[in-house]
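Here's the structure, in structure tokens; my notes come after.
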Amino acid sequence: VFLIANASTTPSDLLRERFSPGPGARESVVAAAFLTTLLWSTHLLVAGANVGRLHWSDTVPSIVRMLGFVLLTASLALLAKAMRSNPFFSSVIRVQIERGHGVVSSGPYQFVRHPGYAAAIGIALSSGLALGSWGSLLPSGLVAPLLVWRIRREEALLCSELPGYVEYARSVRYRLLPLHEQR
């Protein structure tokens with residue numbers, strides 16, 4: 001439901017960029033989509049098998065499941081807000097010269113430089129807990145280090161090719177979480 005609601009209210013030019021990025025991508029959209037699909041599918045398969053049939057690690061207490069659901073909901077809301085605030089929210093690392101790419105410093109970008117990645121990590125880690133599976137944290141736990149690696153690559157590009165980004169990075173010191181500086 002969230003994905004349908006989000007997609008139906010997302011500006012069409014941003015949807016085009018997300019599904020068919022323009023020139024200058026520093027990575028393959030197909031490879032990124034494949035890896036994302038592989039990790040998410042594995043995560044859901046492990047959670048479903050764990051809770052529904054095999055019961056390897058389905059001992060997640062109700063309060064932790066509830067907290068997982070609350071964090072999942074907050075992470076989905078943060079992702080939607082990041083996408084609405086950033087008209088350059090691409091599925092690949094690139095500077096969108098043809099779209100007039102500029103630094104975005106409003107919405108959640110005034111607090112952290114990468115709220116979309118923070119939301120993705122929150123979604124990956126909280127969804128398994130909300131589903132009641134400790135075991136699903138294994139595949140979803142790979143998301144955080146992969147996204148931190150991607151953030152470093154993206155920031156190197158933005159600092160070198162996007163006018164004003166270095167100043168923005170100096171003024172918004174936090175990459176993912178306020179009070180957790182990562183330089």
In sequence, state the C-alpha distance, the side-chain angles, and the governing distance for Val29 and Phe34, and then conclude on side chain to side chain contact (heavy atoms under 4.5 Å, CB included). CA-CA 8 Å; Val29 69; Phe34 175 77; over 6 Å; no
Please lay out, stage by stage, how Glu17 and Ser90 fare under the test side-chain hydrogen bond (donor to acceptor under 3.5 Å, both in side chains). CA-CA 6 Å; Glu17 173 62 31; Ser90 185; 2.5 Å; yes
Does the side chain to side chain contact (heavy atoms under 4.5 Å, CB included) test come out yes or no for Leu146 and Leu35, once each step is laid out? CA-CA 10 Å; Leu146 286 171; Leu35 183 59; 4.0 Å; yes
Dump the intermediate steps for side chain to side chain contact (heavy atoms under 4.5 Å, CB included) on Leu44 and Leu131, then the final yes or no. CA-CA 9 Å; Leu44 292 177; Leu131 291 169; 4.0 Å; yes
Test side chain to side chain contact (heavy atoms under 4.5 Å, CB included) on Leu162 and His101 and set out the steps. CA-CA 8 Å; Leu162 184 62; His101 198 159; 3.9 Å; yes
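In this structure the side chain of Pro87 never reaches within 4.5 angstrom of the side chain of Asp13, judged on heavy atoms. By the 4.5 Å heavy-atom criterion applied to side chains, Leu14 and Phe89 are counted as neighbours. Residues Val60 and Val64 are in side-chain contact: their nearest non-hydrogen atoms beyond the backbone lie under 4.5 Å apart. Gln110 places none of its side-chain heavy atoms less than 4.5 Å from the side chain of Ser105. Looking at Glu155 and Ile151, their side chains come closer than 4.5 Å, going by heavy atoms from C-beta outward.
Heavy-atom neighbours of Phe88 CZ from other residues, nucleotides or ligands within 6.0 Å: above the threshold of 12. The local environment of CG in Leu15 is crowded, with over 12 non-hydrogen atoms from other residues, nucleotides or ligands closer than 6.0 Å.
In this structure, Ile123 is not a member of the same hydrophobic cluster as Trp149, with clusters built from ILVMFWY side-chain heavy atoms closer than 4.5 Å. Linking ILVMFWY residues whenever their side-chain heavy atoms come closer than 4.5 Å, directly or via other members, places Val104 and Tyr168 in the same cluster. Linking ILVMFWY side-chain heavy atoms closer than 4.5 Å, directly or via other members, places Val143 and Leu71 in two distinct hydrophobic clusters. Hydrophobic clustering (side-chain heavy atoms under 4.5 Å, transitive across Ile, Leu, Val, Met, Phe, Trp, Tyr) groups Tyr109 together with Leu158. In this structure, Leu137 is not a member of the same hydrophobic cluster as Val46, with clusters built from ILVMFWY side-chain heavy atoms closer than 4.5 Å.
Although no hydrogens or angles enter the test, the distance criterion places no donor-acceptor pair under 3.5 Å between the side chain of Arg153 and the main chain of Val148. In this structure, the side chain of Ser136 engages the main chain of Ser133 through a donor-acceptor pair within 3.5 Å.
Residues Pro61 and Trp134 come closest through the heavy atom pair CD-CZ2, 3.9 Å. In plain terms, the two heavy atoms of Val95 and Glu161 that are nearest each other are CG2-CB, 4.0 Å. Considering every non-hydrogen atom in both Ser127 and Ala124, the closest pair reads OG-O, 3.4 Å. Nearest heavy-atom pair across Pro145 and Gly141 is CD-O, 3.2 Å. Contact between Pro21 and Val92 at its shortest, heavy atoms only, is CB-CG2, 3.5 Å. Ala130 and Gly68 get closest at one heavy-atom pair: CB-C, 3.8 Å.
A salt bridge is absent between Glu154 and Arg26; no separation between the charged side-chain nitrogens and carboxylate oxygens falls under 4.0 Å. At a threshold of 4.0 Å, the pair Arg94-Glu27 does not count as salt-bridged, since none of the basic side-chain nitrogens sits closer than that to a carboxylate oxygen.
Distance check: Leu78 CG to Met83 CE gives 12.0 Å after rounding to the nearest 0.5 Å. Put simply, OG on Ser140 and CG on Leu129 are 8.0 Å apart, with the number rounded to the nearest 0.5 Å. Here the CD1-CG distance, from Ile93 to Leu157, works out to 7.5 Å after rounding to the nearest 0.5 Å. Remark: Trp56 CH2 to Leu138 CG distance equals 9.5 Å, nearest 0.5 Å.
Between His114 and Tyr165, the ring-plane angle classifies as tilted under the 30° and 60° cut-offs.
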